[in-house]
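Hydrogens, waters and symmetry mates are skipped; everything else that's a heavy atom, side chains included, is used. When a ligand or atom number is given, it counts from 1 through the structure's own listing order.
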Amino acid sequence: MKKHLLFLFVALALLTVLAACGGAATPTAVPEPTEAPLAEPTEAAPVEEPTEAAAAGGGNYVLVPKNLGNPYFDTANTGAQEAAQELGVTVTYQGSSVADATEQIQLLNSLIAQNVDGLAISANDADALVPTGKEAMDAGIPVVTWDSAIAPDGRDVHINQAESQGIGAVQIQMASDLAGGEGQIAILSATSTAPNQNEWIGYMEEELKKPEYSGLELVATVYGDDEDEKSYNEAMGLMQTYPDLKVIIAPTTVGIAASARAVQDADKVGQVFVTGLGTPNQMREYVKSGAAPQFALWNPADLGYLAIYTLNAIATGEIAGEPGDTFEAGKLGSYTIADDGTILLGPPTVFSADNIDDFDF
Ligand code: RAM
C-alpha cells in the first residue's frame, strides 16, 4: 500500500515538473509583432492556459485575410497569434491566394460547415459577402470584420484601422506636398471591389474638391488587384500614358511598393513620386531612394490583435457586440463599439526618412 502511494507521489511530481517545463517553453513559440512576418498560413501556438471558452471546447477562431502572401496581412496574423496566446484560444490563418470575393465566399462556406467558433474577416467585397456573413451569424458563429468591411447586415462589428475620412485626407495631403500643389496625379488601387480602398478613394475625391487642392488633377484610377506584377505593370502604364504625371497614390501596401519599384526602373525618381499606404519594411529602400518620400499606415499587428480580442469578447458572451459595449483588449486597453457598429483602432502614422528606421513591420 505504502509502495503504491510513493509511486503515485513520484508520478505526480514528475508530471508537475513536465507541465512546468512545457509552460515555460510555450511563450517563445509566438514571435513578437515586429518580427519577420509569417509567410504561410499558420496554426496558433500551443495553448498554455485554456480560458473557459477553450476549456469548454470553444475558442477556435479563423483569421481570414483578403489574400495570402501579402506582408501586411502576415503582420496582422502575427498580432492575432499574440492575442490568441494571451487569451488561450486558437486562431488559424486561412485565405485564398488571390484577393477574390468568390474564392473568399467558398472558404467561408467551408469554415461555417466546420462550425468554427468565430470568423475575423478582411472582406474582398462589402455586399457580396453579406449572405455568407448572415449565414455564419445564423449558425451562431460571430463575424468580426477588420481592415476591409462586410456591409453592416453581414457582420457583428467592423474594426476600422483609422477614420476613413482621415485616411483619404492624409493621402491627398501627402500627394499635394510631393506635387508642389499642382499637376497630374493618379490612383493605383487594389481590386475594384475592395470595400476599404473604395471608401478611401471616395474620400480622396471629396478632399480634392477643396480649394487648396484646385491645382491637382486626378487623371486616372487603375487597379493592380493587390498583385505585385499587375500593380507594377499598371504603374508603368500610367507613366507611359501620362508623361507629365507627378504623383501616384497607391492606397494599398502591394500597389505602393510595386509603383515605387516601377518609378525606379523607369528612371523617374524625382519626376514621379509615389505615396499612399505601405509597410515600413517594404518601403524603406524607396523612401531612401526618393521614389516614395512619404506614406502612411497603422500597425497591422495591432489590427489583428484587436480583431481577435473583439471576436473573443463576442464569442464568449462578454459583450453582445452592440453599440456602447465596452471591453478590454489586452495591451491596447479599453475599446467601445461606436453607434455605427465599428471600433476604431487609432490614428495612422506618416512615415518618411525622419522616422522610417524606428519601425520594423
Ligand atoms: C493592402 C490591402 C489591405 C489594405 C492595405 C493598406 O495590403 O489591400 O486591405 O488595408 O493594403
Side-chain angles (χ1 to χ4, degrees), residues 37-39 63-80 93 95-101 103-104 120-126 129 144-150 158-164 166-171 174 187-204 221-232 234-235 248-260 274-283 292 294-304 306-307 342 344-351 359 361:
L38 306 169
L63 186 76
V64 180
K66 281 178 177 170
N67 59 344
L68 296 174
N70 177 345
Y72 170 90
F73 290 120
D74 295 339
T75 304
N77 182 37
T78 308
Y93 180 54
S96 50
S97 59
V98 290
D100 176 77
E103 291 203 18
Q104 196 168 39
I121 306 164
S122 170
N124 279 306
D125 190 304
L129 266 75
V144 164
T145 56
W146 54 283
D147 177 65
S148 184
I150 300 178
H158 174 63
I159 298 155
N160 223 349
Q161 41 273 63
E163 307 261 18
S164 300
I167 297 175
V170 76
Q171 292 181 86
M174 293 186 296
I187 295 174
L188 190 153
S189 191
T191 63
S192 61
T193 63
N196 51 346
Q197 272 89 12
N198 284 348
E199 192 177 7
W200 301 330
I201 290 170
Y203 280 116
M204 285 194 243
T221 297
V222 298
Y223 301 91
D225 293 349
D226 269 350
E227 286 173 25
D228 175 71
E229 203 181 323
K230 180 153 197 279
S231 304
Y232 179 90
E234 291 290 345
I248 297 174
I249 305 175
T252 136
T253 60
V254 177
I256 191 174
S259 298
V274 175
T275 190
L277 305 173
T279 66
N281 286 353
Q282 284 179 290
M283 295 305 293
Q294 53 173 342
F295 63 96
L297 201 69
W298 43 91
N299 186 336
D302 286 349
L303 192 58
L306 180 55
T342 66
L344 187 63
L345 176 68
T349 302
V350 173
F351 303 96
F359 297 90
F361 64 84

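- For E163, the CD atom sits in a loose shell: 12 or fewer heavy atoms of surrounding residues, nucleotides or ligands are nearer than 6.0 Å.
- Contacts between V254 and ligand 1, counted as non-hydrogen atom pairs separated by less than 4.0 Å, are absent for every part of the residue.
- Some N or O of K66 is nearer than 3.5 Å to an N or O of ligand 1, by distance alone.
- Each of the following atoms of ligand 1 lies closer than 4.0 Å to a heavy atom of N70: 1 (C), 7 (O).
- Assignment of N196 to the shell around ligand 1 is supported, since a heavy atom sits closer than 4.0 Å.
- Here the two rings, on W146 and F73, have centers that are under 6.0 Å apart.
- Scanning the protein for heavy atoms near atom 2 (C) of ligand 1, the closest one is D226 OD2, 3.2 Å.
- Side-chain N or O atoms of N70 include one that pairs as donor or acceptor with a backbone N or O of Y72 at under 3.5 Å.
- Taking each heavy atom of F361 and P300 in turn, the nearest pair found is CE1-CD, 3.3 Å.
- T191 places no side-chain N or O within donor-acceptor distance of the main-chain N or O of D100, the cut-off being under 3.5 Å.
- Side-chain contact of T342 with H158: a donor-acceptor pair under 3.5 Å is absent, judged by distance alone.
- Counting heavy atoms under 4.0 Å from ligand 1, residue D147 touches it through the side chain alone.
- In this structure a side-chain-to-backbone donor-acceptor pair under 3.5 Å is present from S148 to A123.
- Around atom 5 (C) of ligand 1, the closest heavy atom drawn from I256, T253, T279 belongs to T253.
- Ligand 1 places these atoms under 4.0 Å from at least one heavy atom of T252: 11 (O).
- Residue-ligand proximity, W200 to ligand 1, at heavy-atom distances under 4.0 Å covers atoms 10 (O).
- Separating the CG atom in N160 from the CG atom in L345 is a distance of 9.0 Å, to the nearest 0.5 Å.
- Taking a cut-off of under 4.0 Å to the non-hydrogen atoms of Q197, the atoms of ligand 1 that pass are 2 (C), 4 (C), 8 (O), 11 (O).
- Within ligand 1, the atoms closer than 4.0 Å to a non-hydrogen atom of W298 are 10 (O), numbered from 1 in the order shown.
- Proximity of F295 to ligand 1, defined as any heavy-atom pair under 4.0 Å, is not found for any part of the residue.
- Using a 4.5 Å cut-off on side-chain heavy atoms (C-beta onward), K66 and T252 make no contact.
- Taking 4.0 Å as the cut-off, W146 does not count as a neighbour of ligand 1 on heavy-atom distance.
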